[in-house]
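Just below is one structure, and these are the notes that go with it.
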Amino acid sequence: MTIKIYNYLTRELEPFKPITPRHVNMYVCGPTVYADSHLGHAKTYVSMDVVVRYFKYRRFKVRYVRNLTDVGHLLSSGEDRISKGARRDQVEPMEVVDRYIKSFHDDMDALGVLRPNISPRATCHVPEIITWTQGLLEKGHAYEVNGNVYFSVESFPEYGKLSHRKLEDLEAGARVEIREEKRNPADFALWKRADPEHIMRWPSPWGEGYPGWHIECSVMSTKYLGETFDIHGGGLENIFPHNECEIAQAEAYHGHQFANYWMLVGSLTVNGVKMSKSLGNFLTIKDALKLYSPEAIRYFILSSHYRGPVDFSSDALQAAQRGINRLHNTVRKLRRRMKNAPPAGTAVLSQVASLDDYQEAFEMAMNDDFNTSKALAALFDFSKEVNRYLDEHEEASGGTLSVMNKIFSDLAGSVMGILPESVDEHVNEQVIDGLVELLAELRQEYRAEKDWSKADAIRSRLEEIGIILEDGPRGTTWHLK
RNA sequence: GGCGACGUAGCCAAGUGGUAAGGCAGGGCUCUGCAAAAGCCUUAUUCGUCGGUUCGAUUCCGACCGUCGCCUCCA
């Protein structure tokens, strides 16, 4: 089955055809590293993470590049975001960059977002950016004024093809304060002259300056992925002007198609309004992780389609936390049973055959433009099936159980990233096992004497330290809260 | 003003030209000393409103209402 992708370039659902068979070259616009990331960033990167993971599951060789913007991204005031961070934190600009790159990686690691193959930084590619700027000047796509170099949008007739915008419409919009030195108000900077007080600056043929924001993505994506590559992703709010400018620069420079498929992720909203730093309505990933597990956050994000918006609320996150806990309960129960099952048991074919249906439903959903919501539904159906099976088959073979476990590991674990490495296995597991069993036995004695207050005291004391005892027909079991 | 997206049960959220996945919450039952977990059953005659096309529309078309995004700050 081929994977179908909704391509923003054509606005159609298209079968994915890689440039090189079985290979995917993919670029995603990364963050500007001047502050802690919030859940909005998490949505974009978790969504794209699952795309990468699914390609890998389908045995594609993926090269994934996600940049880190560490210069040139200006605020509306005209101040560089990094400079702002430096002033705020009272440190060197590059210290800000290092600090928030680490913070970003920590957050992504915590959320189980796989690291890209390459995380290039704009400041490490200034020579290439200068080369591109020169090239675009030579080809007549750019012009220099007072040490600033602008890309001329009129020189690129296809400008607007991604965001479906026309230059005339933009001018009609005209809420912009026009810089007289631009030939067209929509022209954007490739290189900017550094004012005397500007800290981040590099020598260039046009004097000391720094790169514009858009150029880095064109330069770094094609440097590592080729002049034409398969997939370009990012947040939908960057479709214009950022993504549009990337296309214009790259296609004007190389003379052919930039990215074949554009995948844009819908925004995260709060009470219907986009979560953003400027509005102040954000929850940082670090704070979110104090309240919810990484898997719950991923499940929340993946429970709706990546292209659509998702509205954040603590109710929704709590519902996600409960939902994901239920899935983990099933896996925990399954793995417990595996330990006690006959080790060399073989899978019973009739029992295993129907399990393929769930895997197939999952793949069908994912093949359809990564419909994670539908895929998760298949996973919950599967979970129900496993629970039922476990309840009804006391003597399940190890083989059958491990087939079930494999499906969970592959789909919930490897693809969705919503299954922790171990649902309950720890370094000191044996010690903990022993201790808890000892207490459970003790409590068993009280129960035999029907001394419920003492038995319950043990149970609630254990619950206080995070261990839940559960009495069932086959004896007492326990798990961590 | 221009371009675009969305509006499905109490909440979140898939989806299809032929009569509504899944999750959370709620109710009932099984199990159970109690609890928890799990299972079974149950919760939208209806998919913003009004028209049109059709044998038939939530799904296609149009209008309207509402919400939101982008139009050089934003993942």
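First the proteins, then the strands, lettered A, B, ... as listed; each starts at 1.
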Earlier contact from the 5' end, RNA chain B, for A:Arg11 and A:Ser304: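 With A:Ser304 and A:Arg11 compared, the 5'-side residue is A:Arg11.
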Whichever of A:Ser276 and A:Tyr8 has its nearest RNA chain B nucleotide further upstream toward 5':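 Taking each residue's closest nucleotide, the earlier one in sequence belongs to A:Tyr8.
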Touch class at under 4.0 angstrom, heavy-atom based, for [X] against every strand present:
| X | result |
| --- | --- |
| A:Phe300 | nothing |
| A:Asp456 | base |
| A:Ile324 | nothing |
| A:Arg337 | nothing |
| A:Gly30 | sugar-phosphate |
| A:His242 | nothing |
| A:Lys384 | sugar-phosphate |
| A:Asp315 | nothing |
| A:Lys43 | nothing |
| A:Ala319 | sugar-phosphate |
| A:Val265 | nothing |

Has the side chain of [X] got a donor or acceptor that lies under 3.5 Å from a partner of the other kind on the base of [N]?
| X | N | value |
| --- | --- | --- |
| A:Lys274 | B:C68 | no |
| A:Arg326 | B:C24 | no |
| A:Asp471 | B:C34 | yes |
| A:Ser373 | B:A21 | yes |
| A:Arg165 | B:C70 | yes |

A:Arg307 NZ/CZ over A:Trp262 ring centroid, <6.0 Å and within 45° of normal: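 Here A:Arg307 fails the 6.0 Å and 45° test against A:Trp262.
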Atom-to-atom span, [atom1] of [X] to [atom2] of [N] - whole angstrom:
| X | N | atom1 | atom2 | answer |
| --- | --- | --- | --- | --- |
| A:Asn325 | B:A37 | CG | P | 10 Å |
| A:Leu74 | B:U72 | CG | P | 14 Å |
| A:Asn243 | B:U72 | CG | P | 15 Å |
| A:Arg447 | B:A35 | CZ | C1' | 11 Å |
| A:Asp391 | B:U32 | CG | C1' | 14 Å |

A:Asn367 and A:Tyr54: side chain donor to acceptor below 3.5 Å: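 Distance-only check passes for A:Asn367 and A:Tyr54.
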Side-chain heavy-atom pair A:Leu190, A:Tyr150 within 4.5 angstrom cut-off: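 No; the side chains remain at least 4.5 Å from each other.
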Geometric class of the A:Phe156/A:His141 ring pair [parallel <30°, tilted 30-60°, perpendicular >60°]: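 It falls in the perpendicular class, over 60°.
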Using the [atom1] atom as the reference point in each nucleotide, state the distance between [N] and [M] in Å, no decimals.
| N | M | atom1 | result |
| --- | --- | --- | --- |
| B:C11 | B:G26 | C1' | 12 Å |
| B:C50 | B:U8 | P | 16 Å |
| B:C34 | B:U19 | C1' | 46 Å |

Salt bridge (charged side-chain N to carboxylate O under 4.0 Å, His left out) between A:Asp391 and A:Arg388, intermediate numbers included: CA-CA 5 Å; A:Asp391 282 354; A:Arg388 195 183 297 137; over 6 Å; no
Counter-base of B:A5, judged by Watson-Crick or G-U geometry with both distances under 3.5 Å: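 Answer to the pairing question: B:U67, which forms a Watson-Crick or G-U pair with B:A5.
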Sidechain-backbone polar pair: A:Lys161 side chain, A:Leu9 backbone, donor-acceptor under 3.5 Å: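 No; zero donor-acceptor contacts below 3.5 Å.
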